[in-house]
Colleague: 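First the structure, then my questions, so here it is.
First the proteins, then the strands, lettered A, B, ... as listed; each starts at 1.
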2 protein chains.
Amino acid sequence: MPKRVDHDQRRRHIAGALLRIAEQRGLQHASMREVAAAAEVSVRLVQYYFHTKDELLLASLGYLAEELGARVARRIAALGSPPTPRDVVSGTLTAILPTDPESVRLTRTYAAFYSLVLAEPDLTRHGAPHPDLLERLLAHQLRAAQQAGAAHAELDPGLTAAGLLALTNGLGSSVLGGQRDAEAALRILTYHLDRLFVPSAGHTPP
Amino acid sequence: MPKRVDHDQRRRHIAGALLRIAEQRGLQHASMREVAAAAEVSVRLVQYYFHTKDELLLASLGYLAEELGARVARRIAALGSPPTPRDVVSGTLTAILPTDPESVRLTRTYAAFYSLVLAEPDLTRHGAPHPDLLERLLAHQLRAAQQAGAAHAELDPGLTAAGLLALTNGLGSSVLGGQRDAEAALRILTYHLDRLFVPSAGHTPP
DNA sequence: GGTTTCATGATACGACCGTATCAGAAAAGT
DNA sequence: ACTTTTCTGATACGGTCGTATCATGAAACC
């Protein structure tokens, strides 16, 4: 037998090369040859670990989702304990908004996959349980804030959570599109959060 | 000289074929040959009216923007006169949200161009004065509503307008992505509008 | 009414695409 | 030591891409 290699690591390495190309130059340029070159690997190797290009695309998208999920989780975990519901909401949403290099990279890469997913929905038939999950997390935090008197009681948590997520996604698009810088987007997001949560001692005293 | 032909009409016809392909199968399939076939025209003709593919893509995007702008204008013009600011805001936003076949077509097509524009920003160096324009329109309407006592006075019109636009774009993405249907998106949008405008006789009495 | 000019068609060229094939190196098991 | 299995490399094939070339139709102008 040959030297045993960590297949998963190899797959991540190659998929990472594809994600890098997708982020920087778009999926149009993510050909097998370009991916192999970016991973400093032969084309045959890419074929070996991913039998077909669709498989490579799908796996890469999976790794990307994993990475974004990890970032959100890390952000939430890094909050002081116990974090206020607003901290959780704000932390989650700013983790998705392209403000720092990592989030720019992640959202740019996601954007590269967006139209592909729209055009070929079969590719992700079994994917994306995420958005609904995030929405539920946010709604749950909003409810907790209401019970603690930290958010206005008449808010509908579900509709508000969905709105916040859509707002953040829309802001992210405009930032990536260059119509707004990250600072302006963050200002808009914070403004809307301020309208949901009642002011407390710890937060942005005027 | 040959029979004189309306060049602009021909260009629109060909660009329309590209837009149709982009919407239905994505820009990946919008090759010169496919566009020509969809327009029932020879490849040479496509080359004749658009010297290069980039030119075709750029022109098509322009026509698309024109079409969306016309839809918004038509929607606003169709409002009773004088329309309330809320009607204008709501009409503008629902014109953008993919709720009926035409708006689905427009937003799907836009989405197809999205990642291309992100990857090749040079293509649209001179384009897209639109978003800022819409934002200003919404902000202006919000201010008018405030002066008429129809919207809460403490709102920041600029930030709120930007938020509404981003919210609508985000909702549109989720509808196109199939995570939500148009009805749910409209419900979320209406909920947020309800939180901005003070209830009046004409609107959704409980 | 010939000629110029605009408009259109058929076809070819080189490049790159995804994938398949052929072959070989390298390490574990016996 | 030798076989067997896992891994890697070079190269070829058919297809499609964007674009260029060559050729021709048909109408307006002198």
Colleague: Could you please name the option among dG18(D), dC17(C), dT6(D) that lies closest to any side-chain atom of Ser31(B)?
Modeller: dG18(D)

Colleague: Around atom CD of Glu40(B), are there more than 12 heavy atoms of other residues, nucleotides or ligands at under 6.0 Å?
Modeller: no

Colleague: Give Tyr49(B) one of three labels, base, sugar-phosphate or nothing, depending on what nucleic acid heavy atoms sit under 4.0 Å from its own.
Modeller: sugar-phosphate

Colleague: List the atom of Ala95(B), the atom of Ser103(B), and the distance in Å for their closest heavy-atom pair.
Modeller: O-CB, 3.8 Å

Colleague: Between dT8(C), dC7(D), dG18(D), which one does the side chain of Met32(B) approach most closely?
Modeller: dG18(D)

Colleague: For His51(A) and dC7(D), what is the distance between atoms NE2 and P respectively, to the nearest whole Å?
Modeller: 12 Å

Colleague: Can you tell me the distance, in whole Å, between the NE2 atom of His29(A) and the C1' atom of dA15(C)?
Modeller: 14 Å

Colleague: Among dC6(C), dT19(C), dT19(D), which nucleotide sits nearest the side chain of Lys53(B)?
Modeller: dT19(D)

Colleague: Glu34(A) CD to dG18(C) P: how many Å, rounded?
Modeller: 9 Å

Colleague: Among the nucleotides dT8(C), dT19(D), dC17(C), which one has an atom lying closest to any side-chain atom of Arg33(B)?
Modeller: dT19(D)

Colleague: For Arg44(B) and dT8(C), what is the distance between atoms CZ and P respectively, to the nearest whole Å?
Modeller: 10 Å

Colleague: Just compare dC6(C), dG9(C), dT8(D) and give me whichever is closest to any side-chain atom of Tyr48(B).
Modeller: dC6(C)

Colleague: Using the side-chain heavy atoms of His7(A), tell me which of these nucleotides is nearest: dT21(D), dT8(D), dC7(D).
Modeller: dC7(D)

